[in-house]
Amino acid sequence: MKSVVIQGIKGSFHHEAVGKFFNPEQVEIVDSPTFNSLVKQVVSKEVDYGMMAIENSIAGSILPNYSLLTKNDLYILGEIALPIKHHLLALKGQKLDDITEVRTHPMALLQCENFLDQYTDWKRLAMDDTATCARNIQQNQLTGVASIGSSLAAQMYDLEILADNIHDVFDNYTRFYLLSREPKKVEGFNKASLFFYTDHQKGSLNKVLEILASHDLNLSKIQSIPLSGSVFQYSFHANVVLVNQDYDLYYKAIEEVAKATRYLKVLGEFKEDKLVISE
């Protein structure tokens, strides 16, 4: 059985992302407290893969994770765009009137402010992880305390959903990457993730973008990251989608980009996980 390390514990959104990616294949889920420790477990060969959040449609990119990816020479085998649905969780038998305190990840608090503002007497505590808060409520039989988390967390830790879908923005997605120590050829890929940096000269980035566009590659994401060892110079992470899955054009573009940059690495070639946006 393959092993996949996640940031947080079972019942987290990382856990959901693994389930969606590998379904129906069964995999071993390995907990890890931080993104740094997650990457170390992949690099040290303690696990086969890592599932790591890389960006959220509301909060934006998780910049330190881009650096972790490149500094540790990891590869992207695939992606999952997971809808984030927040629910209010508490011990079974508890009612909304019983709640005096909410403990969860600070991002979950921010994403559920409209709901929480209805209960001005509730104390809000920012904690490390949504699933850990849910587990602690069950393990310590905490009455009057609620958490915000996933339906999977409610199921795993036998909690009641006192209010469902309490998030402010309903089209809230987090993109996750499946990481590996080695690259893997994915048949029928239509998306690629590139890491590069250019000479610090006028028009150097624009030249790369023109190459991509002229070879039927749609730039779906570009993210600048400070270039290590330099002052106010940047490297770039770019995701491109093959418009017509013309692999000849794609490989020609990669050759030309390599010539137009100081450094280029293909971090992964994989299938795009398209969003299904509700109306």
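This is a predicted model, so every value here is computed, not measured.
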Quick one: closest heavy-atom pair of [X] and [Y], and the distance?
{"X": "Leu162", "Y": "Ala90", "value": "CD1-CB, 3.7 Å"}
{"X": "Ala146", "Y": "Leu88", "value": "CB-CD1, 3.7 Å"}
{"X": "Ser147", "Y": "Thr130", "value": "OG-O, 3.6 Å"}
{"X": "Leu74", "Y": "Leu267", "value": "O-CD2, 4.1 Å"}
{"X": "Leu159", "Y": "Gln138", "value": "CD2-NE2, 3.7 Å"}
{"X": "Ala53", "Y": "Asn65", "value": "O-ND2, 2.7 Å"}

Within one Ile-Leu-Val-Met-Phe-Trp-Tyr cluster: [X] and [Y], side-chain cutoff 4.5 Å:
{"X": "Phe35", "Y": "Ile80", "answer": "no"}
{"X": "Ile62", "Y": "Tyr177", "answer": "no"}
{"X": "Val241", "Y": "Val208", "answer": "no"}
{"X": "Phe21", "Y": "Val30", "answer": "no"}
{"X": "Leu152", "Y": "Ile137", "answer": "yes"}

Electrostatic pair [X]-[Y], nearest N-O below 4.0 angstrom:
{"X": "Glu46", "Y": "Lys40", "value": "no"}
{"X": "Glu182", "Y": "Lys184", "value": "no"}
{"X": "Glu160", "Y": "Lys92", "value": "no"}
{"X": "Lys271", "Y": "Glu79", "value": "no"}
{"X": "Asp273", "Y": "Lys20", "value": "yes"}

Got [X] and [Y] here, is their nearest side-chain heavy-atom distance under 4.5 Å?
{"X": "Lys191", "Y": "Asn239", "result": "yes"}
{"X": "Ile254", "Y": "Val266", "result": "yes"}
{"X": "Leu116", "Y": "Val102", "result": "yes"}
{"X": "Leu96", "Y": "Trp122", "result": "yes"}
{"X": "Val42", "Y": "Arg181", "result": "yes"}
{"X": "Gln7", "Y": "Met52", "result": "no"}
{"X": "Val27", "Y": "Val18", "result": "yes"}
{"X": "Glu113", "Y": "Phe115", "result": "no"}

Tell me whether [X] at atom [atom1] has more than 12 heavy atoms from other residues, nucleotides or ligands lying less than 6.0 Å away.
{"X": "Asp97", "atom1": "CG", "value": "no"}
{"X": "Asp98", "atom1": "CG", "value": "yes"}
{"X": "Gln139", "atom1": "CD", "value": "yes"}

Approximate separation, where rounding is to 0.5 Å, of [X] [atom1] and [Y] [atom2]:
{"X": "Leu217", "Y": "Leu249", "atom1": "CG", "atom2": "CG", "answer": "7.5 Å"}
{"X": "Ile29", "Y": "Met1", "atom1": "CD1", "atom2": "CE", "answer": "10.0 Å"}
{"X": "Tyr66", "Y": "Leu69", "atom1": "OH", "atom2": "CG", "answer": "9.0 Å"}
{"X": "Leu82", "Y": "His15", "atom1": "CG", "atom2": "NE2", "answer": "11.5 Å"}
{"X": "Ile76", "Y": "Leu178", "atom1": "CD1", "atom2": "CG", "answer": "10.0 Å"}
{"X": "Asp164", "Y": "Ser151", "atom1": "CG", "atom2": "OG", "answer": "9.5 Å"}

Partners meeting side-chain contact (heavy atoms from CB on, under 4.5 Å) with Ser214 (sequence neighbours left out):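 Per chain and number, Ser214 pairs via side-chain contact (heavy atoms from CB on, under 4.5 Å) with no residue.
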Hey, which of Phe195, Tyr263, Phe196 is the one that makes ring pair (Phe, Tyr, Trp, His ring centres under 6.0 Å) with Phe236?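 With Phe236 as partner, ring pair (Phe, Tyr, Trp, His ring centres under 6.0 Å) holds for just one option, Phe196.
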For [X] and [Y], indicate whether the former's side chain and the latter's backbone hold a donor-acceptor pair under 3.5 Å.
{"X": "Asn56", "Y": "Tyr173", "answer": "yes"}
{"X": "His86", "Y": "His167", "answer": "no"}
{"X": "Gln223", "Y": "Leu63", "answer": "no"}
{"X": "Asn72", "Y": "Leu68", "answer": "yes"}
{"X": "Ser3", "Y": "Val47", "answer": "no"}
{"X": "Asp199", "Y": "Gln201", "answer": "no"}
{"X": "Asn218", "Y": "Ser220", "answer": "no"}
{"X": "Ser204", "Y": "His200", "answer": "no"}
{"X": "Ser150", "Y": "Ser12", "answer": "no"}
{"X": "Ser61", "Y": "Glu55", "answer": "no"}

Do Asn172 and Gln111 have side-chain atoms, one donor and one acceptor, less than 3.5 Å apart?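 Short answer, yes.
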Apply salt bridge (Lys or Arg N to Asp or Glu O under 4.0 Å) to [X] and list each qualifying residue two or more places apart in sequence or on a separate chain.
{"X": "Asp117", "answer": "Arg124"}
{"X": "Asp168", "answer": "none"}
{"X": "Lys207", "answer": "none"}

Verify ring pair (Phe, Tyr, Trp, His ring centres under 6.0 Å) between Tyr197 and His237, making sure each step is shown before the conclusion. CA-CA 9 Å; Tyr197 49 88; His237 290 256; over 10 Å; no
cation_pi(Lys265, Tyr75) dist<6.0 Å, angle<=45: yes
Can you classify the ring geometry of Tyr247 versus Phe189 as parallel (below 30°), tilted (30 to 60°) or perpendicular (above 60°)? tilted
Given Ile222 and Leu205, is the side-chain contact (heavy atoms from CB on, under 4.5 Å) satisfied, shown in steps? CA-CA 11 Å; Ile222 187 165; Leu205 176 59; 4.2 Å; yes
Show which residues join Met127 in its hydrophobic cluster (side-chain heavy-atom contacts under 4.5 Å, direct or indirect), or state none. Leu125
Start with the C-alpha distance between Phe170 and Asn165, add both sets of side-chain angles, then the distance that settles side-chain contact (heavy atoms from CB on, under 4.5 Å), and finish with yes or no. CA-CA 8 Å; Phe170 276 74; Asn165 296 320; 3.9 Å; yes
With sequence neighbours excluded, residues passing side-chain hydrogen bond (donor to acceptor under 3.5 Å, both in side chains) with Gln41: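 So Gln41 forms a side-chain hydrogen bond (donor to acceptor under 3.5 Å, both in side chains) with Ser32.
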Picking from Gln245, His215, Glu269, what satisfies side chain to side chain donor-acceptor pair (under 3.5 Å) with Tyr250? Glu269
